[in-house]
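First the proteins, then the strands, lettered A, B, ... as listed; each starts at 1. What's counted below: heavy atoms across the whole structure, side chains too, no hydrogens, waters or symmetry copies.
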Number of protein chains: 2
Amino acid sequence: MVKTKDKIILAAEKLFSEHGFEQTSLRQITSEADVNLASVNYHFGSKKSLIQAVMSRYQSVFMPALDEQLSRLAEHETYSTTDVLACITAPLIALRQVRIDGPVIYLRLLGFAYSEIQGHLRKFTMTHFGHVVQRFFEMIQQANPHLSRKTLFWRLHFSLGAMLFAQVSGQALREIALADFGEETQAEETFLKLLPFVAAGIAADDPESQI
Amino acid sequence: MVKTKDKIILAAEKLFSEHGFEQTSLRQITSEADVNLASVNYHFGSKKSLIQAVMSRYQSVFMPALDEQLSRLAEHETYSTTDVLACITAPLIALRQVRIDGPVIYLRLLGFAYSEIQGHLRKFTMTHFGHVVQRFFEMIQQANPHLSRKTLFWRLHFSLGAMLFAQVSGQALREIALADFGEETQAEETFLKLLPFVAAGIAADDPESQI
DNA sequence: TCTTATTTTAAACATGCGTTTAACTCAGTT
DNA sequence: AACTGAGTTAAACGCATGTTTAAAATAAGA
């Protein structure tokens, strides 16, 4: 027999990843989970806490795995931007342990977490896994010594934006792509298409330093 | 004396661009504009119509200007990805006519228009200015004959995502950047930093075609 | 088995939203 | 001077949200 708390988590993940956090009401969640409305507040305290519980379930698997990948790569003498970016793939696939469609769910949740003004989610991530994020940043910098920290900062966030947008708008975009040139695109394929784009963008020459 | 309708538009633009469309209530707008709550529905009919009026004010200046820039470039025999992307700059700056901080406002509005699920805004843009968007796409393709339509489609949307994210999260990111390495970044500077990133990402080799 | 926690439930609560209503103001017209 | 119509206003409407309450049901322990 499935516990009420788990039913809530599973339904919340699904609906959050489809419609975003703010656009999903507790009534939708409890209806999908087939539990009573008040049980969310009983088990999680508040909607905000439920959101954090949902995110934490994925972050606590993804972040340590990413940290380990970065550790391995760091032992090499040199590495490219693509090498660092490639460290993301395995930890992402590891999210299948959490849920069969975990990788897609997590990326979509991440997208909404940033595009909505979920300030508490950003804070939550940084206080728990800030060191991993920082390490990632430093290794990208190591791979691109020709770029200033400032330029790298912005390019990494451009990359993040590209990924998040592709995930959040993913379904709509895949439908358009299908209508425009009759070719299906799988959700995971999107992420693979992203990597070379991002790698080239990050490693591009910096106009500022050419002056 | 400033008309009520204009006071509403100005206040709505400001608040929409700061907090998004759904996160901004009519009560906030009418309070900021110092007009009565009901006057929005009287002058615009509904919140949805107000949103479209706000967007239209910028689109009707930006899109024709972009179209003209593309026309000029199209007369050249060849052009690069950067050339096509550079066509965006002048029309963006032209938005100063609409409002002194028009360029920033418009980019931020665009960001929210896509990151929130404002389906009607996408439809609105495509029915009115779909031919400009399509022309832009085709010229990017012309500049990158080595890439498949599918790859280009995705890379353009990655680029869009990078730009939108930088705008929507722009203020928060600039604050972080300032705290991290004590360097101010102007809102418009962000857009300039974006261009080389996007140009390199779009023009990158396509792994698929290398197989 | 009786008692005590724990969990579930239906109902209500307080708040904020977009919208509508109907009364009122006031310049312009007849 | 009386009328007209666009504009403004305060108030209320209907609805949806997250949260709380208190009673009922179930599970656990003595």
Quiz item: Are T4(B) and dG7(D) close enough that a side-chain N or O sits under 4.0 Å from OP1 or OP2?
Solution: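 So the side-chain polar atoms of T4(B) never come under 4.0 Å of the phosphate oxygens OP1 or OP2 of dG7(D).
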
Quiz prompt | Phosphate OP1/OP2 of dT8(D): any H43(B) side-chain N/O under 4.0 Å | solution =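 Yes, H43(B) has a side-chain N/O under 4.0 Å of OP1/OP2 on dT8(D).
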
Gap between atoms [atom1] and [atom2], on [X] and [N] respectively (whole Å):
| X | N | atom1 | atom2 | answer |
| --- | --- | --- | --- | --- |
| K5(A) | dT6(C) | NZ | P | 14 Å |
| F44(B) | dT8(D) | CZ | P | 11 Å |
| D6(A) | dT8(C) | CG | C1' | 16 Å |
| K3(B) | dT8(D) | NZ | C1' | 14 Å |
| L15(A) | dG18(D) | CG | C1' | 16 Å |

Quiz item: Knowing that exactly one of F136(B), F129(B), Y106(B) qualifies, which makes a ring pair (Phe, Tyr, Trp, His ring centres under 6.0 Å) with F62(B)?
Solution: Y106(B)

Quiz item: Are the aromatic ring centres of F165(A) and F158(B) under 6.0 angstrom apart?
Solution: no

Quiz prompt | Euclidean distance, L70(A) CG relative to D83(A) CG, rounded to 0.5 Å | solution = 11.5 Å

Quiz item: Can you tell me if N41(B) and S46(B) form a side-chain donor-acceptor pair at under 3.5 Å?
Solution: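 Absent: no donor and acceptor within the cut-off.
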
Quiz item: Could you go step by step and tell me if K150(A) and E189(B) meet the salt bridge (charged side-chain N to carboxylate O under 4.0 Å, His left out) rule?
Solution: CA-CA 12 Å; K150(A) 188 179 179 182; E189(B) 191 184 344; 3.2 Å; yes

Practice problem: Going 5' to 3' through nucleotides 15-20 of chain C, assign each nucleotide B (protein heavy atom under 4.0 Å from a base atom), S (under 4.0 Å only from sugar-phosphate atoms) or - (no protein heavy atom that close). | Solution: --BBBB

Practice problem: Could you walk me through whether E13(A) and R57(A) pass the salt bridge (charged side-chain N to carboxylate O under 4.0 Å, His left out) test, one step at a time? | Solution: CA-CA 10 Å; E13(A) 281 176 7; R57(A) 214 164 81 97; 2.5 Å; yes

